[in-house]
Amino acid sequence: MQKKTDMARILITSAIPYINGIKHLGNLVGSQLPADLYARYNRARGNEVMFLCATDEHGTPAELAAAKAGKPVAEYCAEMHGVQAEIAKGFRLSFDHFGRSSSAANHKLTQHFAGQLAEAGLIREVSEKQVYSHADGRFLPDRYIEGTCPNCGYDKARGDQCENCTKQLDPTDLIEPRSAISGSTDLEVRETKHLYLRQSDMRDKLNDWIDSQNDWPILTTSIAKKWLNDGDGLQDRGITRDLDWGIPVKKGSDDWPGMEGKVFYVWFDAPIEYIACAAEWAEANGKTDADWERWWRTDKGADDVRYVQFMGKDNVPFHTLSFPATIMGSGEDWKLVDYIKSFNYLNYDGGQFSTSQGRGVFMDQALEILPADYWRWWLLSHAPESGDSEFTWENFQQSVNKDLADVLGNFASRVTKFCRSKFGEVVPEGGEYGEQELALIKELQEKLAFYQAHMEAMEVRKSASYLRAIWVAGNEYLQSAAPWSAYKEDPDRAAAIIRLSLNLIRFYAVLSGPFIPDAAAKMLEAMGTDNADWPEDVAEALSLLPAGHEFTVPDVLFAKIQDEEREGWQQKFAGQRT
RNA sequence: GGCGGUGUAGCUCAGUUGGUUAGAGCAGCGGAAUCAUAAUCCGCGUGUCCGGGGUUCAAGUCCCUGCACCGCCA
């Protein structure tokens, strides 16, 4: 049991997935899944956890996807949020709340932050020229304007860059520009006003803050430093757009003269949703403002909170610079992130996973073919921490069959079935724990310490490898203790070995829960207990199920992936998603 | 073009502030055992640590340089 004084408070956020479509396994392993692992682990250790995620809903891509689906954008987003929430449940992502960046709470907070920043003199107005499309009835972002490249003559150059000659372009450079949405050439350059966040003014402050984070991974700090120091240093960024779908530009609750009809740019309101999500959580659960503010306001109880963010490496600049600039610039006591855990990319069979090209396995497809635990285990034990990593079907099949079916699943099976045939479905009585048991306990105590240390450091792969080693230790013990031999001469000795082994199943269930929650629950259920207390003392934990305690033999925990199945999936997922 | 990353056994990867004969898992080979999802356990690894040069008593581990692949940015 946890002592009250050990209890920590951990705020965890996962990068919020964009609303447009279903994410692939590379997205999952880069943020939501490791965040869930960490959340589950901390809950299991008795810490108080607030784990938040949401959908990122604003911006042009959402509008276009909705138009393509023939639905109003709000309706489209609501629907897709439901789809993503359902899939998250399927993967057992244990969010305390899965919010929406389009929520009322986020509208209010985003407008509030903008007001605070304006008051602090950190916002400036900029008048700029943008392309307006009469046919589309909207301003076009640079990349949605196509035309002929003045440099190389390529006729599908985009307004921001020519893909053919890679030359950086301005939309006005294009010859015969047209809308990439409608193809219309009825375009007009209009003068429009936008708000910019003066990030450049905060460069030194941000730099000092980054410098003070000496325990952050190099991947994280090097990206941040690059943006801070590259060229002319950190640039101011536009925080508004001429769009319909988004959070209306306001200064707190007041109108913002000259900004009528404009919305905040998605990069500005998306991270604020981390905070708003907590407010949504409170509202959804009948809590008060104070209940969520104690996670986010250091002047309202959040000073002892440790805040950890999980994300893919492409998201690092926003989390190390832009969002902190918003927080710091507000002049209010909002919680800043304490640790950023970032991930590299997962590749698929020799190439990249790609949402736009439909390449790889997507979250919904994964759940259609195998239970969540299979994916969770493989993805986490191969998480791209030190560099990009590679998914192949052969590796997936081998790892899952060996680790889950042969090492863990079979252990539970051999122990429970042996017991049932010799002693019945009850923890057997007789004999005592001897030298072999003491040696095992000592070994487990050591491995447990390493497992915990790696989990706390968010070393995902290493945690997985220690967990696996803990499973293996059970098989080693059973093999050398050989209760099937002992039973013939000394049934009491066999009883003691099996009593310990049955306790090991419960022990494994508890330790494995963060990785494979469904199997862990099945193991506990089979052992006829709901005691999922984290083991502090291994010897104590392994005598928790006493002689006479009833259990049941569980069904096969992990069916093996057959060669024909693997080959079928390999083919099925070889092409593009249709 | 600029910046960053990666390049270690057939495969996926570890290698902490440079220090004894470079490691793990899987695959492969041999053996033990037979309780179990033909699962488990034990034993077996000379691989130019991408190439070249340098610093050092000592480099996979630091510096320079070349090559390959990848990413980000412009």
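Letters go in sequence order (proteins before strands), and every chain restarts at 1. Note that the structure is a prediction, hence the values are computed from the model and not measured.
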Would a line drawn from the ring center of [X] to the ring center of [Y] be shorter than 6.0 Å?
| X | Y | value |
| --- | --- | --- |
| A:F323 | A:F318 | no |
| A:Y265 | A:Y196 | no |
| A:Y348 | A:F573 | no |
| A:Y18 | A:H58 | no |
| A:F391 | A:W378 | yes |

Provide the Watson-Crick or G-U wobble partner of [N], both distances under 3.5 Å; none if there is no partner.
| N | result |
| --- | --- |
| B:C11 | B:G25 |
| B:U40 | B:A32 |
| B:C3 | B:G71 |
| B:G60 | none |
| B:U16 | none |

Exceeds 12 heavy-atom contacts within 6.0 angstrom, atom [atom1] of [X]:
| X | atom1 | value |
| --- | --- | --- |
| A:E456 | CD | yes |
| A:E550 | CD | no |
| A:D208 | CG | yes |
| A:E525 | CD | no |
| A:F450 | CZ | no |

Show your reasoning for whether salt bridge (charged side-chain N to carboxylate O under 4.0 Å, His left out) applies to A:K442 and A:E435. CA-CA 11 Å; A:K442 182 163 177 277; A:E435 265 179 47; over 6 Å; no

Checking A:K341 against A:F310: charged group under 6.0 Å from the ring centre and within 45 degrees of the axis? no

Classify the nucleic acid contact of [X] as base, sugar-phosphate or nothing, counting any heavy atom under 4.0 Å across all strands shown.
| X | answer |
| --- | --- |
| A:S480 | nothing |
| A:I498 | nothing |
| A:F558 | base |

Closest to the 5' end of RNA chain B, once A:N395 and A:D403 are matched to their nearest nucleotides, is A:N395

Select from A:A559 and A:V407 the residue whose nearest nucleotide in RNA chain B is closer to the 5' end of that strand. A:A559

Within less than 4.0 Å of OP1 or OP2 of [N], is there a side-chain N or O belonging to [X]?
| X | N | result |
| --- | --- | --- |
| A:K402 | B:U40 | yes |
| A:R468 | B:A24 | no |
| A:K422 | B:C35 | no |

Whole-angstrom distance between [N] and [M], as gauged at atom [atom1]:
| N | M | atom1 | answer |
| --- | --- | --- | --- |
| B:G60 | B:G47 | C1' | 12 Å |
| B:G43 | B:G25 | P | 10 Å |
| B:C26 | B:G45 | P | 16 Å |
| B:A74 | B:U8 | C1' | 34 Å |
| B:A38 | B:A33 | C1' | 13 Å |
| B:G15 | B:A9 | C1' | 14 Å |
| B:G30 | B:G71 | P | 43 Å |
| B:A58 | B:G1 | P | 38 Å |

Please write out the pairs of protein N or O atoms and N or O atoms of nucleotides 42-44 of chain B separated by less than 3.5 Å, giving the distance to one decimal.
from: B:C42; atom 1: OP1; to: A:E476; atom 2: OE2; distance (Å): 3.4

Rounded to the Å, how far apart are [X] [atom1] and [N] [atom2]?
| X | N | atom1 | atom2 | answer |
| --- | --- | --- | --- | --- |
| A:L346 | B:U12 | CG | C1' | 12 Å |
| A:N344 | B:U6 | CG | C1' | 9 Å |
| A:E425 | B:C35 | CD | P | 18 Å |
| A:H382 | B:G25 | NE2 | C1' | 9 Å |
| A:Q398 | B:U37 | CD | P | 22 Å |
| A:E390 | B:G25 | CD | P | 22 Å |
| A:F418 | B:U40 | CZ | P | 19 Å |
| A:R414 | B:U40 | CZ | P | 9 Å |

Between residues 433-459 of chain A and RNA chain B, which residues have a heavy-atom gap below 4.0 Å? none

Quick one: the side chain of A:N410 and the base of B:A36, do they pair up donor-acceptor inside 3.5 Å? yes

Heavy atoms from C-beta onward define the side chain here; which of B:U37, B:C26, B:C35 lies closest to that of A:L478? B:C35

Checking the side chain of A:W375 only, and the main-chain atoms of A:A366 only, is there a donor and an acceptor separated by less than 3.5 Å? yes

Is A:R493 salt-bridged to A:E437, cutoff N-O under 4.0 Å? yes

Can you check nucleotides 29-34 of chain B for protein contacts, nitrogen or oxygen pairs under 3.5 Å, and list what you find?
from: B:A33; atom 1: O2'; to: A:W484; atom 2: NE1; distance (Å): 3.4

